[in-house]
Amino acid sequence: MLAVANTRVTVLHAVGEPDDYTGEVPEQPAAEPVPAARAERSRSIRDPRTGTWRQIPETVWRLPHGTLARVGDRLRDETTGKVHPIFETREHLSFGHAGDLICTTRRTDRPTPLPEPPAPP
C-alpha cells in the first residue's frame, strides 16, 4: 500500500436475502481486517427536486491492492466500529507497482444545507 495506514477495516459482503421483518441483509467478512488510509472531505451537490445546495460528507479509503471490495459492500472501521456503505471504487494508477484500491463512502443520514449564494447587484 502506498498511503500511510491510519486504521484497519473489514470488508463486509452481503450474503443471502433480506430479513422479512427488519430488512437487514446478512453479511460476512470478506477477509481479515486490512490496513487502510482514511481521509474525509465534503462535496457540494444540488438537489434536483428543490434546487438547494447540500453539503455531503465523504470518506475516501485507500486499501491495499487485491482487496476484494465492490460497490454495495460495506466497510467496518475496526478503530471506531462504524460501518460505511461503499458508494464508488476505483484503482489508483501507479507505475512500477500495484496501485491501491480507492473506495468512496458517503454519509447521507444528515446532509447539511449550504447557504444560498448572494444575488448579483
**Prompt:** With sequence neighbours left out, what residues match Thr7 under side-chain hydrogen bond (donor to acceptor under 3.5 Å, both in side chains)?
**Reply:** Asp77, Thr79

**Message:** What I'd like to find out is whether the side chain of Ser44 reaches to under 4.5 Å of the side chain of Arg54, using heavy atoms alone.
**Reply:** no

**Message:** If hydrophobic residues (ILVMFWY) are linked whenever their side-chain heavy atoms come closer than 4.5 Å, directly or via other members, who joins Leu12 in its cluster?
**Reply:** Val83

**Fill in**
Separation between SG (Cys103) and CZ (Arg90), nearest 0.5 Å, reads 9.5 Å

**Option from Val9, Thr10, Val11 for which side chain to side chain contact (heavy atoms under 4.5 Å, CB included) with Pro33 holds** = Thr10

**Prompt:** Is the backbone N or O of Asp100 less than 3.5 Å from a side-chain atom of His65, with the two atoms forming a donor-acceptor pair by type?
**Reply:** no

**Message:** Can you list, by chain and residue number, the hydrophobic cluster partners of Ile102 when the side-chain cut-off is 4.5 Å?
**Reply:** Val60

**Asked** To the nearest 0.5 Å, what is the distance between NE2 (His84) and OG1 (Thr105)?
**Response** 5.5 Å

**Message:** Applying salt bridge (charged side-chain N to carboxylate O under 4.0 Å, His left out), can you list everything that pairs with Arg49, at least two apart in sequence or on another chain?
**Reply:** none

Could you go through residues 67-75 and list every donor-acceptor pair under 3.5 Å that involves a side-chain atom there, pairing it with any protein atom two or more places apart or in another chain?
unit_1, atom_1, unit_2, atom_2, d
Thr67, OG1, Pro64, O, 2.7
Asp73, OD1, His13, ND1, 3.1
Asp73, OD2, His13, ND1, 2.7
Asp73, OD2, Arg70, N, 3.2
Arg74, NE, Glu27, OE2, 2.7
Arg74, NH2, Glu27, OE1, 3.2

**Complete:** Applying side-chain hydrogen bond (donor to acceptor under 3.5 Å, both in side chains) to Thr50 and not counting sequence neighbours gives Asp47, Thr52

**Item:** Pairwise distance CZ(Arg8) to CD(Glu32) - rounded to 0.5 angstrom
**Value:** 9.0 Å

**Prompt:** Which atom names give the shortest non-hydrogen contact between Gln55 and Ser42, and what distance separates them?
**Reply:** NE2-CB, 2.7 Å

**Message:** With rounding to the nearest 0.5 angstrom, report the NZ to CZ distance, Lys82 to Arg76.
**Reply:** 15.0 Å

**Request:** Would you name the heavy atoms of Ala5 and Pro35 that are closest together and state the gap between them?
**Result:** CB-CB, 3.7 Å

**From Asn6 atom CG to Trp61 atom CH2, the distance as rounded to the nearest 0.5 Å** = 8.0 Å

